[in-house]
Amino acid sequence: MKPMGALPAEFAAQSGMLTIAGTAAEAWAAETPVFVYDMGIVAARANRFRAAFPDVDLHYAIKANPLPTLLERIAPLVDGLDVASGGELEKALAVKPAGAISFAGPGKRDGELIGAIRSGATLNVESEGEAERALRLGEELGVAPRLAVRVNPDVELRGSGMKMGGRPSPFGVDAARAAALVRRVVADGADWRGFHIYAGSQALDAGAIVETQAATLALAARLADEAGEAPPLVNLGGGFGVPYFAGDASLDVERVGAALGEALAQRPAVLREARFAIELGRWLVAEAGVYLTRVVDRKESQGETFLVTDGGLNHQLAASGNFGTVVRRNYPLALARDVTGEGRETVSVVGPLCTPLDRLGDRVGLPPAEVGDVIAVFLAGAYGASASPAGFLGHPPALEVVAG
Ligand SMILES: *Cc1c(COP(=O)(O)O)cnc(C)c1O
């Protein structure tokens, strides 16, 4: 038997039939496969952030889960939405005013730049070339573009699953050239919104995040001094992780908040008037999502038991270990009708795709399951449906339901 991650606390406290937002999993699973997102859990995460970071804006990075009905519900809980494509910009504009939206990401096409400039969303420019195009398009449109400079920081987030700083990068302008770019966009009449500095993702070590935030704050102050301009906003990045795997412990956000509060209280004069934001994706939504899939076949092969389900990596790629992980480890899974039941049987849970990659659980311990039973895959609220190859093998897409 191989270990799997722990169920999120809200589900680990249950017994018998799994319930999601107060309703039995079996009822949610009338049609499978289905993702169910419990908005009560999302709201609890947002409240926890507010309590820990009273003076910092909360942004939601919508690529974690861009489902329009979820965006409608999350928009009032956050101060801003961060998008990374023209498509995401459209979705964000449907639920939030343009002044609360910022658009990052390399390779923005002219049409995307125009969409942002026309609407009044902030463009986080990723290069000098992109800034020049935005300025030229703004001139053509007769609108001063709102531009923030994304900085490729010379710090990286220690222990993060995805490092995005401290190295050559398609993201952001190297710190050494960022001040010059700020002076340039201000001189050319842009509405300069400040800095965006993102150093990594999926960090569970509070100490590492504290260190990175302190370095980010110092970098923003140094660049602002060098540019001779005080930034209206400093987006400090995010990187708050969630515990996917056995042995992972939840991030101590209260510790991070206390340290950032102290650092902000002592911030350099050039940042005195600035607002600060933290942009979070998975930390807000991952634990709220459960992917429910039904057992279609139960088979034995050379001493191993397989539960073959109607859902797989075409919907929930990350649980198969093929989305940004080097070593495959098991996400938390459960038999829905006995959610915290003892793992008396060792089984592999596989999907219907004709590839050995399609494995949701590798030799996990579950209570004995039969054909027709529902298997729940947890941590499915972020980088699930929208980050999986839904067209691969031609099965129907999963349903997605917002609950609570
Ligand atoms: C992907 C991304 C995020 C969200 O990352 P999470 O790990 O889901 O919190 C935030 N900001 C930027 C710039 C990103 O690219």
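Counting convention: from 1, in listed order, for ligands and their atoms alike.
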S.K.: How about F378 and Y331: are their ring centroids closer than 6.0 Å?
M.R.: no

S.K.: Could an N or O of ligand 1 be found under 3.5 Å from any N or O of Y198, whether backbone or side chain?
M.R.: yes

S.K.: Below 4.0 Å from ligand 1: does a non-hydrogen atom of W283 turn up there or not?
M.R.: no

S.K.: For ligand 1, is there an atom lying under 4.0 Å from some heavy atom of Y383?
M.R.: yes

S.K.: Just checking, is any N or O donor in the side chain of N330 or D362 under 3.5 Å from an acceptor N or O on the other one?
M.R.: no

S.K.: Cut-off 3.5 Å, side chains only: do N314 and H395 have a donor facing an acceptor?
M.R.: no

S.K.: Salt-bridge test for E10 and R45: reply yes if a basic N is under 4.0 Å from a carboxylate O, no otherwise.
M.R.: yes

S.K.: Please determine, by modelled atom types, if R359 and S348 share a side-chain donor-acceptor pair under 3.5 angstrom.
M.R.: yes

S.K.: Which of the atoms in ligand 1, numbered in the order shown and given with their element, are less than 4.0 Å from a heavy-atom of S201?
M.R.: 5 (O), 6 (P), 7 (O)

S.K.: What I want to know is whether G239 and ligand 1 share at least one N or O pair that is separated by under 3.5 angstrom.
M.R.: no

S.K.: How far does CG of L71 sit from CG of L67, to the nearest 0.5 angstrom?
M.R.: 7.0 Å

S.K.: Pairs of nitrogen or oxygen atoms closer than 3.5 Å, one from E279 and one from ligand 1: do any exist?
M.R.: yes

S.K.: As an exercise, identify every atom of ligand 1 less than 4.0 angstrom from a heavy atom of A61.
M.R.: 3 (C), 4 (C), 10 (C)

